[in-house]
Trainee: 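Supplied in structure tokens, the structure appears directly below.
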Amino acid sequence: MTEFLDAFQHLLTFTHLAYLSLGVVVGLVIGIIPGLGGIAGMSLLLPFLYGMEPSVGLGMLMGLVAVVPTGDTFTSVLMGIPGSSASQATVMDGFPLAKQGMAARALSAAFASSMLGGVAGAMILSVFIVVARPLVLSFSSAELFMLTLLGLSVVASLAGGNVFKGFAACGAGLLLGTIGSAPATGEYRLNLGIDYLFDGIPLVVVGLGIFALPEIIDLLIKDRAIANKPNSLGQGWSQGIKDVFNNLPLVGKCSVFGSLIGAIPGLGGSVVDWMTYSYAMQSSKDKSRFGKGEIKGVIAPESANNACSCGSMIPTLLFGVPGSGTAAVFLGGMLLLGLQPGISMVGAHLDLTYTIIWSLALANILGALLCLGLTSPVAMLTRIPFSRMAPVLLTLILFAAYQATRSLGDFIALGAIACIGVLLKGANWPRPAFLIGFVLAPGAENYFFQSIQFYGYGWMQRPGVIAIASLILLSFVAPMVRSWLQRRRDARQAGQSAETEVKQPAEREAVTLLDWVIIGLMLLASVLAVGDIWSASELTKAFPLMAISIMGFSVAMVVVRYWMRSTTRMAASISRELVYILAFFALAVLYFTVGFISTTAVFTLFFLRFATLARWRLSGTVALGLTLFLIGMGKLMSIDYPAGFVDPYLLGMLGN
């Protein structure tokens, strides 16, 4: 009972509510911009967590986690462009409703169902914490280590058509996460003699580099407005809310389903929205309306998306295994606040656990109300070409990355990780698996070391370990069996016997030059890493060798798969993306030679004026606004930006 009261006290403090509201606003903005999503938004907030009270910092993070699936509804309904992978199904009926002049009805129904789904998800999470608490408290480090591996295996096995690509990406993320000192011995490894790498690569740099920067580059290349022909909102605000209450059983079922799917690491909103959309269609008496403007096609996925965000907190809080890419960055935020998920969150910090849960519920309510009130202004913002927003977003990303260690290495590492992100995105390899592997690496290695320290190598014989290992094996085998059964089923439907199906050529798989580049880089990284740690002590090299084994074996299996199955060579080019990254490196050099603030101001001014053909007044206003933002944040957070040889004069003229 004391934990409940303490949680309420944290929740209702002015500071917590203020930062929660700030997180909600940031989450809505991130959700509105197609392609960015919660991972980029969470990464942008991480630098602000240093030195924060845990309950306050968690409030800001939970505000963002809760409402990104709400904010991305705007573009899905008004323009037919999914704000993220979790809002793809909403487009099916939301956009047709908008074209029929009922955008207001679709949006109000989406926001109301999102709010109810999020609150229901928080309630389910609250109950689950109580039920699962005794189980979690009984786990030792050995079971927690195996749960970490289970999370990685599930993420990898669900990361697209080629399961080995998912495992290879996880292994690469694990290996990247081992750079720096070994927790068991304190020995340094894999740092290439570079001072910046002695403490490892910061999470915020990896999160922004693997997701945010590649997405912004992609949107810049497309160079178009978020909406070419925005639809009017029309009428029907009250009708949309009535539709939700007329379909409360559907909202309840989709919310429960979303929470359960969210609790499974690796599934997330991109799966649950289509599942619930399909359920709504199959359970409807009139299926012909779906895809043409059926309001149930909006209510079902929107109810599930926000509940799914709550569900992903279940494995994150209880076991330290992120349920999604956003939850992975949230896990990093918890570590920055000095909180270790797992036993401590349901033991010593149970009050903070309930603060997180109720913050989710409150954030969903605030987000829905803000969306209803801000719909008209947001609809106008969608007409702005993305290229005009790019300097602002790039400045925010660079500002966030610089907070990691406040050195040139942050920018260089950001650009290098962005190259990896562009490669993975261009070849359709799973970036969330890479990020989750990186986030889980430190915790997994600690659990691994503790298991050996407490139980020797006999920890592998513990019943809980064996049970979880069986689940890992199942997660590895199940996708391959399912794929094999699907091929047999397709063959039967085509009127072919099983014997004929076996003799026919295998399905052709598309392979690009980028696939071979990624494979070559992973093999090269494996060889270099083995050479670096070979002479280290057993405990220092044990975990990196495991990561190398996962990555090396998976890459080998990818090559074997290409060799055994017929492949089709497809063209894929990232030349324009690499040009943008080279420009980014050039900009980074200017930040440290000319000055961070002055370079940002000049770059923004000339980019807007000549690249987007904006007027001088608009270009100057945005450049001045960014300059004042950087100066203000520098004072607020006591940041000394790279001064160069111009910034001291600029700041002197401004009286700083």
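A quick note: this is a predicted structure, and the numbers were derived from the prediction, not measured.
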Trainee: State the CG-CZ distance between Leu624 and Phe629, to the nearest 0.5 angstrom.
Mentor: 14.0 Å
Trainee: If you look at every heavy atom in Pro391 and Phe607, which pair is closest and at what distance?
Mentor: CG-CD2, 3.5 Å
Trainee: Strictly distance-based, threshold 3.5 Å: is any side-chain N or O of Tyr591 a donor or acceptor partner for the main-chain N or O of Gly644?
Mentor: no
Trainee: May I ask you to test the Met146-Ser451 pair for a side-chain heavy-atom distance under 4.5 Å?
Mentor: no
Trainee: Which heavy atom of Pro202 sits nearest a heavy atom of Asp410, and at what distance?
Mentor: CG-OD1, 4.3 Å
Trainee: Do Thr540 and Thr185 have side-chain atoms, one donor and one acceptor, less than 3.5 Å apart?
Mentor: yes
Trainee: State, to 0.1 Å, how close Arg388 and Leu613 come at their nearest heavy-atom pair, and which atoms those are.
Mentor: NH2-O, 4.0 Å
Trainee: May I ask you to check whether over 12 heavy atoms, not counting those of Tyr19, lie within 6.0 Å of atom OH?
Mentor: no
Trainee: Under 3.5 Å, is there a donor-acceptor pair between the side chain of Thr599 and the main chain of Leu590?
Mentor: yes
Trainee: Gly177 and Ala441: which non-hydrogen atoms are nearest, and at how many Å?
Mentor: CA-CB, 3.8 Å
Trainee: Under 4.5 Å between any side-chain heavy atoms of Leu523 and Val555, yes or no?
Mentor: yes
Trainee: Hey, does the side chain of Asn191 reach the backbone of Leu197 with a donor-acceptor pair shorter than 3.5 angstrom?
Mentor: no
Trainee: Run the side-chain contact (heavy atoms from CB on, under 4.5 Å) test on Leu337 and Met334 for me, step by step, so that the C-alpha distance in whole Å, both residues' side-chain angles and the decisive distance to 0.1 Å come before the verdict.
Mentor: CA-CA 5 Å; Leu337 293 170; Met334 290 181 64; 5.7 Å; no
Trainee: Just wondering, do Ile221 and Tyr580 contact through their side chains at under 4.5 Å, heavy atoms?
Mentor: yes
Trainee: For Arg189, is there an ion pair with Glu445 - N to carboxylate O distance below 4.0 angstrom?
Mentor: yes
Trainee: Thr178 and side chain to side chain contact (heavy atoms under 4.5 Å, CB included): which single residue from Ile533, Leu190, Leu545 fits?
Mentor: Leu190
Trainee: Once ring pair (Phe, Tyr, Trp, His ring centres under 6.0 Å) is applied, do any residues pair with Phe610, and if so which ones, sequence neighbours excluded?
Mentor: Phe606, Trp616
Trainee: Once you round to the nearest 0.5 Å, how far does CD1 of Ile210 lie from NZ of Lys425?
Mentor: 11.5 Å
Trainee: So, taking the atom named OH in Tyr641 and the one named CG in Leu630, what distance separates them when rounded to the nearest 0.5 Å?
Mentor: 4.5 Å
Trainee: What verdict does the side chain to side chain donor-acceptor pair (under 3.5 Å) test give for Glu187 and Ser181, after you've listed the backbone C-alpha separation in whole Å, the side-chain angles of each residue and the deciding distance to 0.1 Å?
Mentor: CA-CA 5 Å; Glu187 293 180 70; Ser181 62; over 6 Å; no
Trainee: Output the distance between atom CZ (Arg576) and atom CD1 (Ile217), rounded to the nearest 0.5 Å.
Mentor: 11.5 Å
Trainee: Should Ser407 and Tyr196 count as side-chain neighbours, where that means a heavy-atom distance under 4.5 Å?
Mentor: yes
Trainee: If the test is side chain to side chain contact (heavy atoms under 4.5 Å, CB included), which one of Leu414, Leu398, Leu208 qualifies with Leu213?
Mentor: Leu414
Trainee: Is the backbone N or O of Pro442 less than 3.5 Å from a side-chain atom of Asn446, with the two atoms forming a donor-acceptor pair by type?
Mentor: yes
Trainee: Does the side chain of Phe448 reach to within under 4.5 Å of the side chain of Ser141, using non-hydrogen atoms?
Mentor: no
Trainee: Is there a side-chain contact between Val517 and Leu423 in this structure, where contact means two heavy atoms from C-beta onward sitting under 4.5 Å apart?
Mentor: yes
Trainee: To the closest 0.5 Å, what do you measure between OH (Tyr188) and CD1 (Ile179)?
Mentor: 14.0 Å
Trainee: Can you check whether Phe438 reaches Leu174 side chain to side chain, under 4.5 Å on heavy atoms?
Mentor: no
Trainee: Compare every heavy atom of Lys165 with every heavy atom of Val558, then report the nearest pair and how far apart it is.
Mentor: CG2-N, 3.9 Å
Trainee: What is the distance from atom OG of Ser526 to atom CZ of Phe553, rounded to the nearest 0.5 Å?
Mentor: 13.5 Å
Trainee: Working note: Met522 + Trp429, criterion side-chain contact (heavy atoms from CB on, under 4.5 Å); need CA distance, chi angles, decisive distance, verdict.
Mentor: CA-CA 13 Å; Met522 286 186 174; Trp429 285 53; 3.9 Å; yes
Trainee: Measuring only between side-chain heavy atoms, which start at C-beta, is Met60 closer than 4.5 Å to Leu20?
Mentor: no
Trainee: Give the C-alpha distance, both sets of side-chain angles, the deciding distance and a yes or no for side-chain contact (heavy atoms from CB on, under 4.5 Å) between Leu64 and Phe330.
Mentor: CA-CA 10 Å; Leu64 189 145; Phe330 171 76; over 6 Å; no
Trainee: If you take all heavy atoms of Gly166 and Ala433, which pair is closest and at what distance?
Mentor: O-CB, 3.9 Å
Trainee: Any chance the side chains of His16 and Ser359 put a donor and an acceptor closer than 3.5 Å?
Mentor: yes
Trainee: Evaluate the ring planes of Phe596 and Phe411, with Trp represented by its six-membered ring, and classify them as parallel (under 30°), tilted (30 to 60°) or perpendicular (over 60°).
Mentor: parallel
Trainee: Begin from the C-alpha positions of Ile216 and Leu394 and carry the test side-chain contact (heavy atoms from CB on, under 4.5 Å) through to its verdict.
Mentor: CA-CA 8 Å; Ile216 287 180; Leu394 183 60; 5.6 Å; no
